[in-house]
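Here is the structure we will look at, set down as structure tokens.
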Amino acid sequence: MTNVLRRYESVKIATEYFKFRPKYSSDVLKAVMKYYKPDWNRSSRHDLMVEVGCGSGQATNHFAPYFKQILASDVSRQQIELAKRQNQFPNVSYEIGSAENLSLVDAGSVDLVLAMECAHWFDLPRFFDETARVLKPDGCLAIGGYWFPKLVPLMDGKDDLKFKVSDLLEHFLVHGKRHDMIRYAQVKTQFPNVYEAIPWNKKEKQNVQVAYGDWNLATAKGFMRSMDSYQLHMQHIFDLCQNQFPPHTPLDLDSAEVFSKRVKELLEVPQAIDDNVKFRALFDVFLLLAKVG
Ligand SMILES: C[S@@+](CC[C@H](N)C(=O)[O-])C[C@H]1O[C@@H](n2cnc3c(N)ncnc32)[C@H](O)[C@@H]1O
């Protein structure tokens, strides 16, 4: 737990997170709700959703109109403060709390437990025990996540470079994640261990593509900086450089800046400003869906 808190507690990462992480889409909402109730439609309103590891409410906002009440929690105080600030829904409450302890939630009261892009941090047996306790007999668990987006350059004749640009993004982000590769490999491979560990027979996997047409290099850099591993990597470099004289912040060692420079070289626009190098960003959101009964 201390490990997680250290990574997500900083104001900086919570702010970058809020601004630059994907906010999912109504297709993700629909896939989850249709799994829970195949006859679901937008006039349906269920009783209670519990979301764990909610961050600053990226997924929560899509679900809010379709539940009478949502209890959303996260172990990070900074994430919860941002979530409360952005919240527009009176039926949603955000509290600090862990996925492994839902003691404030009554047994058998919950329609849906949602956990997006966070189950790789959980103590899974304790989380599943708590989920089984709080879900209604026909209740549903939805665990999801995504790996890095594919970036398609929105420039004439450059479409074919999408694989190279995406590889560059992955190269620099994986480099930042090297301290914790086993955990991140789980996300890249769509949580096989989490799926296996789901203790109920009724379970299935789905994928939903989420596309954003308004990304540019500044957005991509912001996304990189929202990664806990990027922040750890940069802190490490910063610490090393402070021992030199004179101390300096090394832009040429900042992986987000180097990524930006390399992409511009690849697209043959080395002098372009980041905002003008535009992309379509495609996220492959995976869902692990399960029912207790
Ligand atoms: C990558 S963020 C995902 C946030 C949001 N759900 C989203 O989809 O963007 C992971 C979040 O999980 C939270 N977290 C990690 N371990 C947790 C735990 N055991 N219980 C509750 N939250 C946890 C972190 O504080 C962090 O905000």
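Start at 1 and go down the list; that is how both ligands and their atoms are numbered.
Cation-pi geometry between Lys291 and Tyr36 is not satisfied (NZ or CZ under 6.0 Å from the ring centre, within 45° of the ring normal).
Atoms of ligand 1 found under 4.0 Å from any heavy atom of Tyr24 (numbered from 1 in listed order, with element): 7 (C), 8 (O), 9 (O). Distances below 4.0 Å separate heavy atoms of Gln79 from the following atoms of ligand 1: 27 (O). Applying the 4.0 Å criterion to heavy atoms of Ser76 picks out, from ligand 1, the atoms 25 (O). Contact atoms of ligand 1 toward Ser98: 20 (N), 21 (C) (distance under 4.0 Å to a heavy atom of the residue). Atom numbering of ligand 1 starts at 1 in the shown order; those under 4.0 Å from a heavy atom of Gly97 are 21 (C).
Using modelled atom types, one finds a donor on one side chain and an acceptor on the other under 3.5 Å when comparing Arg42 with Tyr66. Checking Tyr146 against Arg21 by side-chain atom types alone, a donor-acceptor pair falls below 3.5 Å. In summary, the side chains of Gln206 and Glu204 do present a donor paired with an acceptor at a separation below 3.5 Å, with no hydrogens or angles considered.
Within the 4.0 Å heavy-atom criterion, neither part of Phe127 lies near ligand 1. Contacts with ligand 1 closer than 4.0 Å are made by no heavy atom of Ala115, backbone or side chain. Residue-level proximity to ligand 1 for Gln58 is carried by the side chain, the only part with a heavy atom below 4.0 angstrom. Both the backbone and the side chain of Glu117 come within 4.0 Å of ligand 1, judged by heavy-atom distances.
Nearest-residue assignment for atom 7 (C) of ligand 1 (options Phe18, Trp121, Tyr17; heavy-atom criterion): Tyr17. Taking only non-hydrogen atoms, the option from Ala72, Gly53, Ala99, Cys118 nearest to atom 20 (N) of ligand 1 is Ala99. Evaluated by nearest non-hydrogen atom to atom 25 (O) of ligand 1, the leading choice among Thr60, Asp74, Val285 is Asp74.
For Met116, a nitrogen or oxygen atom sits less than 3.5 Å from a nitrogen or oxygen atom of ligand 1, counting backbone and side chain alike. Checked by distance only, ligand 1 and Arg21 stay at 3.5 Å or farther apart across all their nitrogen or oxygen atoms. Distances between N or O atoms of Tyr146 and those of ligand 1 include no value under 3.5 Å.
With ring centers used as reference points, Phe283 lies under 6.0 Å from Phe223. The aromatic ring centroids of Trp147 and Tyr184 lie 6.0 Å or more from each other. In this structure, Phe286 has its ring center under 6.0 Å from that of Phe191.
Looking at heavy atoms from C-beta onward, Phe67 lies in side-chain contact with Leu112 at the 4.5 angstrom threshold. By the 4.5 Å heavy-atom criterion applied to side chains, Asn207 and Gln190 are counted as neighbours.
Nearest approach of Pro153 to Lys158, heavy atoms of both residues: CG-O, 3.6 Å.
A side-chain donor-acceptor contact under 3.5 Å links His62 to the backbone of Lys23.
For the ligand labelled ligand 1, residue Ser56 lies outside the 4.0 Å heavy-atom shell. The shell of residues lying under 4.0 angstrom from ligand 1, judged by heavy atoms, includes Cys54.
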